[in-house]
There are 2 protein chains.
Amino acid sequence: MSYSIGEVANITGITISTLRYYDREGMFPNMERSNGGIRMFSDTEIETLQIIECLKTSGLSIKDIKQFLNWCQEGDDSLQKRRDMFYERLEVVEKQMEELQKTMNTIKFKCWYYDTALAAGTEETPKNMPVEEIPEEIRKYRYKCD
Amino acid sequence: MSYSIGEVANITGITISTLRYYDREGMFPNMERSNGGIRMFSDTEIETLQIIECLKTSGLSIKDIKQFLNWCQEGDDSLQKRRDMFYERLEVVEKQMEELQKTMNTIKFKCWYYDTALAAGTEETPKNMPVEEIPEEIRKYRYKCD
DNA sequence: CTAGAACCTGAAGTTAGGTTTAGGTCAAGA
DNA sequence: TCTTGACCTAAACCTAACTTCAGGTTCTAG
């Protein structure tokens, strides 16, 4: 089963020009073409795209993702490198989750802050509120600034 | 109490050139200068930097962050806008956390995959392993690609 | 056979978010 | 007073990751 670039764009939500850009960068080393030169994406390329998305989210650059995909072409000799890369990603993503959680807490504090301000009609109300009156869960995320 | 740009760089980990860039972009509308023209950061600016970091992590651009800081200057008239912005951020960050969790799961699968491959000396081992033998927690995150 | 939708290429353009450079000025200690 | 490390500006530069453009080819439905 094979897909045209337009179909892949629909399936994955990645634009056609991005798919062509990835191809230009060598992300699909085994992709076939029709006689007329039209790209034929297979399930392999769809799976590669899922890994690309995963690695991109984990903070890897296109260049480094390409490096990984090259290792995949090399076979078992590169197993150690590939393993190490994923363990490194694991740590990075753990850090990202922690940071995102802190961000979330700050945002929740701000939501409370502005709800309180709007209810009172003025920002002075939450700004001057004694700490004990701030809901416990968000108390410690208080910043003085607006 | 006020801080030089170098001190702020040390405190926050943000480079001096980035701090000057933020200033150029108007992120510190109330920052004072010494007679000689040297920036004097106060606690207000430090707090603004914390909010900038928070909003940046939540996916807002510098331009939009500046927009928010402008609203803060406007006083209570902009309370609703600011509230809405934070509720929007709340949703965005929730989506980000979900995506990061999926990414994490995929990476954990890959860690298992490569550990198994390395133990066996070949990728064929995890690749051909029947689903029942894959640890339960990660089973569903399996991708066929390397 | 033909129209038009979908595809192709190489090259240039875009955007965000900084960083670097060049040429100065400021401020605190010896 | 002098030095020297920290600071200043404007403007040019940089990079990643795409996107757009111009001009041409392929494929498919009627």
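All of these numbers come straight from a predicted model, not from anything done at the bench.
Of the charged side-chain nitrogens involved, none lies within less than 4.0 Å of a carboxylate oxygen, so that B:K110 and B:D115 do not count as a salt-bridged pair. Salt-bridge annotation for B:E45 and B:R39: absent, with no side-chain N of the basic residue lying under 4.0 Å from a carboxylate O of the acidic one. Ionic pairing of A:R82 and B:E123 is present here: one or more N-O contacts between side-chain nitrogen and carboxylate oxygen are shorter than 4.0 angstrom. Taking the charged nitrogens against the carboxylate oxygens, A:D64 and A:R89 have no contact shorter than 4.0 Å, which rules out a salt bridge.
Checked by atom type and distance alone, the side chain of A:T125 never pairs as donor or acceptor with a backbone atom of A:G121 at under 3.5 Å.
Put simply, CZ on B:R39 is 14 Å from P on C:dC26, counting in whole angstrom units. Atom CD in A:E7 sits about 12 Å away from atom C1' in C:dC7, given to the nearest Å. Across the protein-nucleic acid pair, B:N35 atom CG and C:dA27 atom C1' stand 12 Å apart, rounded to whole Å.
More than 12 heavy atoms of other shown residues, nucleotides or ligands fall within 6.0 angstrom of atom CD in A:E25. Residue-environment remark: CD (A:E32) stays at or below the threshold of 12 foreign heavy atoms within 6.0 Å. With a 6.0 Å radius and a threshold of 12 heavy atoms from other residues, nucleotides or ligands, B:E133 has its CD atom above the threshold.
For the pair B:L60 and B:S34, both in contact range of DNA chain C, the more 5′-proximal nearest nucleotide belongs to B:L60.
Taking the 5' to 3' direction, DNA chain D first and last meets chain B under 4.0 angstrom from a heavy atom at D:dC7 to D:dT9.
Of the residues in residues 9-27 of chain A, those lying under 4.0 Å from DNA chain C by heavy-atom distance are A:I16, A:R20.
Side-chain N/O atoms of B:K63 include none lying less than 4.0 angstrom from OP1 or OP2 on C:dG18.
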